[in-house]
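Heads up: the structure comes next, in C-alpha cells.
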Amino acid sequence: MPDLPNLEKWDKVVMRLAPFPSGPLHIGNARMVILNDYYVKRYNGNLILVFDDTIGSAEKQVEPEAFDLIPQGLEYLGVEYHEVVYKSDRMDLFYRYAVDLMKKGHAYVCDCDANVWRKEHKIPGKACACRSLSVDENIARWEKMLDGTYPERSAAVRLKTGMTDPDPAMRDHVILRISETEHPRVGSKYRVWPLLEYSWGIDDHELGVSHIIRGKDLVKEGKIEKFIWDLYGWKDPELIYYGRLKFQDAKLSKSKSRQEVLSGVYSGWDDPRTWSLQSLERRGIHPDAIRKAMLDLGLSIVDISISMKSIYSENRKLRDADAPRVFFVQDPLWVSLLDFPEDIEYTEAPVHPDFPDRGTRRIPLGLENHSRILGIPTKDYDRIKDGALFRLKDLANFTLDKGKDPSIKFHSLHVDEVRKVGGPIIHWVPKANSVPVELTAIDGSTVNGLAEPYITNLSQGTFLQFERVGFARVFDTSDIIRVAFAHK
RNA sequence: GCCCCGAUAGUGUAGUCCGGCCCAGCAUAAGGGACUUUCGAUUCCUUGACCCGGGUUCGAAUCCCGGUCGGGGCACCA
C-alpha cells in the first residue's frame with residue numbers, strides 16, 4: 001500500500017469511520033473499514049467511529065440495532081477505534097456554524113420550491129431572490145425553520161458555493177433542511193438537520209481528521225467540504241477516494257436485507273444472504289482473509305468487480321490446517337454391506353491428513369437389524385456404474401449392486417486395488433450412530449444430512465471440512481448440530 | 001444538456017509522479033502433471049495484458065494531443 005499523502009502536514013494521523021447506521025456492516029463496507037484501520041495502525045494514529053446518524057430520508061432510515069451491530073462487526077474484523085461520536089449529539093455545533101455562515105453572508109435560507117429552484121435557478125445558473133436576503137432576514141427565516149413556522153420542505157439553508165460554477169452539482173447546495181421524522185436516539189428534539197457534506201465539512205475539522213478515505217461517490221461532497229474549509233481558512237484534510245467495489249457472486253442490498261430480516265424471511269442479521277460481517281463470521285470466514293483481500297485491491301479509484309473466491313482462497317490458506325475432517329452425507333442413499341469381515345466393527349480416519357499426530361476419528365459401522373447399512377451420496381450412487389469398483393474412504397473397496405435393494409459387496413481392503421482401476425473414492429456414513437446435521441447453504445437454504453459420530457466432539461465455533469463437500473463452521477450445538485457452509 | 005474521473009492478462013493489482021533495470025512482476029482464476037485414501041492442502045508447469053490513433057524521444061505501459069469505451073455527479077439521501 002502507498003504512503004498517505006502530506007503526512008508532514010499533520011502531527012498525528014486521525015481518520016474516521018463514518019457508517020450510516022441502517023444495519024450491520026457488510027462485505028461491501030469492509031473495504032472502507034479496513035483501509036482506514038490499516039492506515040491508522042500503520043501510522044499509529046487515531047481512529048474515530050462516527051455514527052453518521054443524521055435523519056436520512058424515507059429510503060435511508062436509521063436502524064437502532066445498527067448501533068450495536070456495527071461495533072460488533074468492527075470487533076470481528078479486528079478494527080481498533082479510539083473514540084465514538086454520534087452526529088446526532090452534535091446538532092448544536094452545526095446550528096452554530098449555520099448561523100455564523102449566514103451572518104458572514106455565506107449562506108441563506110431559501111424558501112423556493114425544490115423543483116422550481118432546480119429548473120429555474122440551478123440549471124440556468126441564475127440566483128433566486130432568497131440569495132440576496134439581508135443577514136437579519138436570513139436569521140429571521142432560520143428562527144422560523146427552528147420553531148416550526150416553516151413546514152417540512154418549505155425552507156432550507158443553502159451554502160453560496162456559487163451559481164455560476166460550471167458544474168451544476170456545485171451550485172448553492174442545500175446544507176440544512178427540515179425533517180420532523182423521529183430520530184431513534186434524540187427523538188423529536190430537532191427539526192432541522194444537516195446534510196452529509198455540511199456536517200462533515202464542520203466535523204472533519206472539529207474532530208481533527210487528517211486523512212479521509214472514502215468511496216468516490218462522495219467526491220462532490222468532498223468539494224463542498226473543501227469549500228467550507230477554505231471559507232474558514234482551515235487546514236484541509238487529505239481526501240482520498242477509492243472506486244466502487246462490486247462482488248460478482250454476492251448481491252448486496254442493505255434495504256432488502258433489512259426488510260427480509262424484519263419480516264422474518266431471513267433468519268437474522270447473520271443470514272448469509274445479508275452478506276453482513278456477522279454472517280461471514282458465522283460461516284467461519286477469518287477476518288484476516290477479508291483484510292488481506294481488501295488490502296490487495298489497493299487504493300485505486302477505478303470501479304472494480306471481484307469474486308468472493310479471492311476471500312475464500314485466503315480463508316482456505318488461513319484455516320485449512322486447523323480444520324478437522326468429517327464425513328457428512330447430505331442425501332444418503334442406503335446400501336447394505338455384504339461379505340464384509342464381521343470382526344471389523346469400526347474404522348479409523350485421520351482427523352487431518354496432513355497432521356497424523358492429531359489422531360483419528362473412529363467411525364463405527366454399527367448394526368441395523370443385524371445388518372450393516374451405510375449411507376452414500378446419491379450423486380455418487382448415480383454416477384457409479386452397476387458392478388463398478390469404488391472405495392469408501394478410509395474403509396475398504398466395494399463393488400456396487402444397483403438392485404432393488406442396493407448393496408455393496410466387499411472387494412478388498414487396500415486403496416491400491418481401487419487406484420489400479422481408477423475407481424472413485426467417496427465418503428459415507430453408517431446408518432447407526434450417525435448424527436443429524438442441518439447445513440445452511442450460502443443461498444440461505446438449509447439442507448439436512450447425517451454426519452459421522454465424531455462431529456459431536458467438536459464444539460460450537462469449530463471450523464471443519466466436510467470431505468468432498470467443503471468447509472463449514474459449527475455455529476449451534478444447543479439442539480441439533482447446525483453448521484454454516486463457508487466455501488469449497 | 002452540463003461537470004468530474006478512469007482505462008495493464010478472465011478477475012484484481014505492481015510499475016506510470018522522476019521515460020530505459022518491463023519482450024511487464026504478483027495474486028486469484030482456468031488448463032495440465034506430481035503427490036495425497038477428499039472435489040481440500042501441497043508442489044511443478046502452461047495459458048494470458050499495457051484501449052485506439054497520432055506526436056515528443058535514441059528509447060514510452062510510463063510524457064503530450066485527439067478519439068473510443070467505461071464509471072460517477074447534477075437530491076431538502078448517505
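What's counted below: heavy atoms across the whole structure, side chains too, no hydrogens, waters or symmetry copies. Residue numbers start from 1 in every chain, and the chains themselves are labelled A, B, ... in the order their sequence lines are given, proteins ahead of strands.
- Distance noted for atom C1' between B:C51 and B:U68: 8 Å (whole Å).
- Donor-acceptor pairing under 3.5 Å is lacking for the side chains of A:Trp229 and A:Asp204.
- Relative to the six-membered ring of A:Tyr81, A:Arg16 misses at least one condition, a distance below 6.0 Å or an angle of at most 45° to the axis.
- Annotation: of the two residues near RNA chain B, A:Lys309 and A:Asp296, the 5′-most nearest-nucleotide partner is A:Asp296.
- Between the side chains of A:Tyr241 and A:Asp217, no donor-acceptor pair is found at a separation under 3.5 Å.
- For A:Ser307, no side-chain nitrogen or oxygen approaches OP1 or OP2 of B:U28 to under 4.0 Å.
- Residue contacts for A:Ser300: at a heavy-atom cut-off of 4.0 Å it reaches the sugar-phosphate backbone alone, with no base atom in range.
- Using C1' as the reference atom, B:C23 and B:G59 are 14 Å apart when rounded to the nearest Å.
- Going from the P atom of B:G20 to that of B:C39 covers 47 Å, rounded to whole Å.
- Other residues, nucleotides and ligands contribute only 12 or fewer heavy atoms inside 6.0 Å of the NZ atom of A:Lys256.
- Comparing A:Gln248 and A:Asp394 against RNA chain B, the residue whose closest nucleotide sits nearer the 5' end is A:Gln248.
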Could you run through nucleotides 66-78 of chain B and give me one letter per nucleotide, 5' to 3': B if any protein heavy atom sits under 4.0 Å from the base, S if only the sugar-phosphate is that close, - if neither? -----SSBBBBBB

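- With both ends at atom C1', the span from B:G12 to B:A49 equals 13 Å, rounded to whole Å.
- A distance of about 15 Å separates the C1' atoms of B:G6 and B:G67, rounded to the whole Å.
- Using the six-membered ring where Trp is involved, A:Phe410 and A:Phe398 have ring planes that are perpendicular, over 60° apart on the 30 and 60° scheme.
- A cation-pi contact, defined as under 6.0 Å to the ring centre and within 45° of the axis, links A:Lys87 to A:Trp200.
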Sugar-phosphate means primed atoms, P, OP1 and OP2; the rest is base. With that split, encode nucleotides 41-49 of chain B 5' to 3' as B, S or - using protein heavy atoms under 4.0 Å. S--------

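- Side-chain contact annotation: A:Asn6 with A:Glu238, donor-acceptor N/O pair under 3.5 Å present.
- Look at the C1' atom in both B:U57 and B:A14: the space between them is 26 Å, to the nearest Å.
- Taking atom C1' on both B:U8 and B:A24, the two are 9 Å apart, rounded to the nearest angstrom.
- Residue-level contact check: A:Pro166 touches the backbone only, with heavy atoms under 4.0 Å from sugar-phosphate atoms and none from bases.
- B:C69 and B:A27 have their P atoms separated by 36 Å, with the value rounded to a whole Å.
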